[in-house]
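Read the structure below first, then the notes.
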Amino acid sequence: MSKKKTTIDAEELPKARPGVPALEIRDLNVRFPSEDGVVHAVRGVNLTVNSGEILGIVGESGSGKSVTSMSVMGLHDSSANITGSIKMHGVELLGRSDKWMSNIRGKSLAMVFQDPLSSLNPVFTIGDQICEALQIHDPDMSDKDAEARALELLKAVGIPNPEVRIKNFPHEFSGGMRQRVMIAMAIANNPDVIIADEPTTALDVTIQAQILDLLRYAQRETGAAVIIITHDLGVVAGLADKVAVMYAGRIVESGSVNDIFYRPAMPYTIGLLGSLPRPDVDTDEPLATVEGNPPSLLNLPPGCPFSPRCPMATEACRGEEPTLHTVAGRASEGDVSSGDAISHRAACIFADDILASAKTYADIYPLPAAVDKGERPGPEVSPILQLKDLTKTYPLMKGAVFKRRVGTVHAVNKIDLEIRPGETVGLVGESGCGKTTTLMSILGLQAPEAGRVVVFGKDTAQMSKADRKEVRQNLQVVFQDPMASLDPRMPISEILTEPLIYNGYSKKDAHARVGELMELVGLEPAHSNRYPRHFSGGQKQRIGIARALALEPKLLVLDEPVSALDVSIQAGVLNLLERLQAEMKLSYLFVAHDLSVIRHIADRVAVMYLGRIVEIGDVTSVYDHPRHPYTQALLSAIPIPDPAKERGRERILLEGDLPSPANLPSGCPFRTRCPMFKQLDETNRKACLESEPTLEHEEGDHAVACHFSRSVSVF
């Protein structure tokens with residue numbers, strides 16, 4: 001391990017000074033060359049963050065959030081044309097050499113990246129990498145002191161058995177634990193500025209809650225200025241002091257967290273907030289949507305870049321781009337942040353009018369048409385899909401040439417589930433709980449390893465080849481990643497006609513059906529000759545839905561269909577699914593990690609943990625009165641896009657990660673992480689240690705698998 005340190009004049013290095021912001025960005029512009037011209041990715045961004053403050057930067061994909069953060073870190077390649085000013089404690093960072101920047105990166109200025117696996121070196125142990133981060137900035141630190149500090153950091157960020165795990169490699173850690181290691185490395189040298197770029201995007205909601213708690217801890221311990229970049233407005237509501245909203249490479253609104261959430265002055269901000277499904281609100285109303293897509297930064301038209309999507313736009317908006325100016329009004333009493341001291345600015349000529357008249361989404365945007373879902377089918381209605389004691393295991397093998405079985409992975413363990421006609425059932429749980437394995441067992445239409453799968457009244461164990469073909473016409477799937485599930489070499493018309501022709505349609509009838517399908521999902525039929533790369537993410541997902549509907553199925557299996565989409569696009573896809581369900585009498589099995597989405601769209605919800613369903617019932621009953629401690633922890637971890645609610649509510653942080661399905665705990669599988677288990681006396685703990693609870697109905701169709709769900713609550 002090299003301890004060589006670049007010689008830099010200490011007088012040049014940024015040092016905290018009274019009255020000087022920790023980070024100040026002025027008129028930042030970033031341009032990238034491309035084959036089609038120059039992409040103006042960041043356009044005149046101005047930001048100020050003081051020590052001890054947390055700034056949240058939000059906006060859709062491509063708005064310039066990450067480009068701004070990479071400019072601060074000095075990580076763009078030489079092709080980028082960066083102008084403006086970036087000062088840390090009054091010292092200019094732009095124009096410095098990479099050697100100079102390397103001296104402050106990791107010491108005064110730290111970053112937590114979105115993907116921790118690609119940020120960690122796979123050939124070095126976790127301990128070596130943390131020690132390197134320490135010793136590269138302090139070459140006089142001994143190996144012993146560096147290892148002691150690394151252990152201290154791993155303990156601080158909640159890594160279990162740090163004395164053992166310090167010798168492990170990155171691939172031996174879960175996603176959440178790798179992100180903890182990244183935070184440990186970021187705070188190792190007590191930096192003055194920490195930038196977290198989508199630090200929780202790929203994580204489960206329970207792990208996300210732990211990481212956000214760690215970021216609060218890091219900010220308190222170091223006193224640093226923190227910038228968190230995220231698409232999740234709930235995260236910003238609970239963490240940030242002030243917020244900057246970016247669109248088309250510039251900031252279009254900024255202010256205190258309460259100004260942005262309770263008094264938004266920019267139609268784009270109002271649209272983003274209106275698009276969010278809420279985990280704390282039970283409503284059948286369609287989600288608000290912001291129609292259209294962000295503009296290309298290659299050749300922006302004149303005027304306000306949001307005007308093509310803004311219902312308030314006039315000719316004045318299309319003539320000249322509005323400046324970011326201070327708006328009227330001030331923060332109300334009882335703010336959770338220092339809102340009165342933070343200027344509220346918006347880049348909209350109607351901002352003052354919006355604030356004065358307290359305009360909401362309903363005042364600005366056309367409201368989506370309400371969908372009549374009709375009566376939800378009762379338990380007396382025969383299900384179209386029924387799982388009974390469904391089990392799926394995988395052998396755990398060892399050996400390179402002569403393999404031998406050394407264990408069993410219990411992916412799905414005795415699941416019971418029903419879906420009735422016209423019903424949406426949500427399936428939720430952490431990664432690795434068995435959700436996708438359950439879907440694959442259903443879609444395979446093969447005899448299960450154990451138990452029964454009955455689809456449209458036919459047992460898959462007794463199906464003939466003809467039966468399977470008939471059932472597959474009525475059972476279709478929409479995948480998580482629309483780009484990966486669409487053949488990039490085929491135009492959309494061929495993608496949509498392929499299942500039709502395979503199932504007996506003539507080419508003439510199939511091509512006639514393409515236009516109907518495009519209109520059905522809200523796309524222009526004339527665009528069917530285009531290729532997938534010509535469509536946005538939301539449009540590609542609509543094409544995936546159109547393909548699934550081509551054969552007029554009765555049941556759609558949706559595997560995380562909106563997780564890869566921006567919140568404004570997500571709202572449109574969810575509204576589309578609700579409309580199609582009402583019009584075509586569809587049933588949905590909807591898998592998602594976003595419990596806010598499930599509350600909005602589902603009739604019933606099943607919560608999975610380690611291959612088992614631990615709670616199931618009507619979505620309102622489960623969300624408002626969760627009985628299993630795991631469900632309670634999941635729901636308490638969902639960020640609510642309301643600063644007062646988010647900061648005032650009780651949160652349950654689960655300790656550790658999901659146990660290995662190859663080495664299940666005895667008794668109740670959740671007991672190793674259960675807050676309730678820790679409250680029990682020795683006599684009651686015995687039941688959790690020795691016997692696995694089964695699903696027991698409590699009220700109506702609300703069933704819980706917990707020995708003490710009726711008597712104890714961790715809420």
Quiz prompt | salt bridge (Lys or Arg N to Asp or Glu O under 4.0 Å) assessment of Arg278 paired with Glu646 | solution = CA-CA 12 Å; Arg278 295 278 296 255; Glu646 178 62 13; over 6 Å; no
Exercise. Give the C-alpha distance, both sets of side-chain angles, the deciding distance and a yes or no for side chain to side chain donor-acceptor pair (under 3.5 Å) between Ser636 and Glu650.
Key: CA-CA 7 Å; Ser636 81; Glu650 185 180 355; over 6 Å; no
Quiz item: Below 4.5 Å, heavy atoms only, C-beta onward: do Val236 and Asp232 meet side chain to side chain?
Solution: no
Quiz prompt | Residue of the set Leu695, Thr437, Thr438 for which side chain to side chain contact (heavy atoms under 4.5 Å, CB included) holds with Ile415 | solution = Thr438
Quiz item: Side chains of Pro643 and Tyr262: closer than 4.5 Å at any heavy-atom pair?
Solution: yes
Practice problem: Using a strict cut-off of less than 4.0 Å between a Lys/Arg side-chain nitrogen and an Asp/Glu carboxylate oxygen, indicate whether Arg612 and Glu692 qualify as a salt bridge. | Solution: yes
Practice problem: Answer yes or no: is there a side-chain heavy-atom contact under 4.5 Å between Glu291 and Tyr365? | Solution: no
Quiz item: Within the side chain of Asp566, is there an N or O that forms a donor-acceptor pair under 3.5 Å with the backbone of Ser568?
Solution: no
Quiz item: For Ser691 and His707, does a side-chain donor sit closer than 3.5 Å to a side-chain acceptor?
Solution: yes
Exercise. Check whether any side-chain N or O of Asp204 sits under 3.5 Å from a backbone N or O of Thr206 as a donor-acceptor pair, and report yes or no.
Key: no
Quiz prompt | Minimum heavy-atom distance Leu653-Gln210, with the two atoms named | solution = CD2-N, 4.0 Å
Quiz item: Within a radius of less than 6.0 Å around NZ of Lys469, do more than 12 heavy atoms belonging to other residues, nucleotides or ligands occur?
Solution: yes
Quiz item: Can you tell me if Glu198 and His231 form a side-chain donor-acceptor pair at under 3.5 Å?
Solution: yes
Practice problem: Evaluate whether atom CD of Glu498 has more than 12 neighbouring non-hydrogen atoms of other residues, nucleotides or ligands under 6.0 angstrom away. | Solution: no
Practice problem: Flag the pair Ile495 / Pro532 as yes when at least one side-chain heavy-atom distance between them is below 4.5 Å, and no otherwise. | Solution: yes
Quiz item: Any side-chain donor paired with an acceptor under 3.5 Å for Glu578 and Tyr588?
Solution: no
Exercise. Drop me the distance from Cys674's SG to Tyr609's OH, to the nearest 0.5 angstrom.
Key: 9.5 Å
Self-check item: Leu589 side chain reached by Leu439 side chain, heavy atoms, under 4.5 Å
Solution: yes
Practice problem: Output yes when a side-chain donor or acceptor of Arg542 lies under 3.5 Å from a complementary backbone atom of Val521, and no otherwise. | Solution: yes
Exercise. Measure across Val704 and Glu615 and return the closest heavy-atom pair with its distance rounded to 0.1 Å.
Key: CG2-OE2, 3.8 Å
Quiz item: Does Arg651 use its side chain to pair, donor to acceptor, with the backbone of Ala633 at less than 3.5 Å?
Solution: no
Quiz prompt | Least distance between heavy atoms, Tyr361 atom then Thr289 atom | solution = OH-O, 2.5 Å
Quiz prompt | Exam field: side chain Asn575 to backbone Gly572, donor-acceptor pair closer than 3.5 Å | solution = no
Quiz item: With no hydrogens and no angle check, do the side chains of Gln570 and Ser275 hold a donor and an acceptor under 3.5 Å apart?
Solution: no
Practice problem: Decide, yes or no, whether a salt bridge links Glu423 with Arg604 under the criterion of side-chain N to carboxylate O below 4.0 Å. | Solution: yes
Quiz item: Rounded to the nearest 0.5 Å, what separation is found between the CD atom of Gln473 and the CZ atom of Arg468?
Solution: 15.0 Å
Exercise. Could you tell me whether Glu470 and Lys458 make a salt bridge, using a distance below 4.0 angstrom between a side-chain N and a carboxylate O?
Key: yes
Quiz item: Is the closest basic N to carboxylate O distance between Glu430 and Lys435 below 4.0 Å?
Solution: no
Quiz item: How would you list, by chain and number, every residue that makes a side chain to side chain donor-acceptor pair (under 3.5 Å) with His628, sequence neighbours excluded?
Solution: none
Quiz item: Atom CG of Asp603 and atom CZ of Phe590: how far apart are they, to the nearest 0.5 Å?
Solution: 12.5 Å
Quiz item: Can any side-chain N or O of Asn503 pair as donor or acceptor with the backbone N or O of Pro499 at less than 3.5 Å?
Solution: yes
Self-check item: Gln581 side chain vs Leu586 backbone, donor-acceptor pair below 3.5 Å
Solution: yes
Quiz prompt | Gap separating the CD1 atom of Ile260 from the OG1 atom of Thr269, nearest 0.5 angstrom | solution = 5.5 Å
Quiz item: Will you find, in the side chains of Tyr268 and Glu60, an N or O donor that is under 3.5 Å from an N or O acceptor?
Solution: yes
Quiz item: Hey, mind stepping through Arg452 and Asp389 against salt bridge (Lys or Arg N to Asp or Glu O under 4.0 Å) and telling me if it holds?
Solution: CA-CA 7 Å; Arg452 296 174 67 213; Asp389 289 334; over 6 Å; no
Exercise. Report the distance from atom CG of Leu558 to atom CD of Gln541, rounding to the nearest 0.5 Å.
Key: 8.5 Å
Quiz item: Distance-only, no hydrogens or angles: does the Arg178 side chain make a donor-acceptor pair with backbone N or O of Pro116 under 3.5 Å?
Solution: no
Exercise. Decide yes or no for Pro525 and Val514: does some side-chain heavy atom of the first lie under 4.5 Å from some side-chain heavy atom of the second?
Key: no
Quiz prompt | Straight-line distance of Asp642 CG to Phe261 CZ, nearest 0.5 Å | solution = 8.5 Å
Quiz item: Between the side chains of Ser621 and His702, is a donor N or O closer than 3.5 angstrom to an acceptor N or O?
Solution: yes
Exercise. Run through Val454, Ile442, Val412, Ile419 and flag the one making a side chain to side chain contact (heavy atoms under 4.5 Å, CB included) with Leu387.
Key: Ile442
Quiz item: Is there side-chain contact between Leu239 and Arg216, with heavy atoms separated by less than 4.5 Å?
Solution: yes
Quiz item: Any chance the side chains of Asn413 and Thr391 put a donor and an acceptor closer than 3.5 Å?
Solution: no
Practice problem: Might you point out which heavy atoms bring Pro199 and Leu215 nearest each other, and give the distance in Å? | Solution: CG-CD1, 4.0 Å
Self-check item: Closest non-hydrogen atom pair, Pro279 against Ile638
Solution: CG-CG2, 3.7 Å
Quiz item: Any salt bridge between Asp416 and Lys388, counting N to O under 4.0 Å?
Solution: yes
Practice problem: Taking all non-hydrogen atoms of both residues into account, name the closest pair between Val477 and Ala548 and its distance. | Solution: O-CB, 3.8 Å
Quiz item: Any sub-3.5 Å donor-acceptor pair from Arg579's side-chain atoms to Leu520's backbone N or O?
Solution: yes
Quiz prompt | N-O pairing of Lys540 and Asp481 below 4.0 Å | solution = no
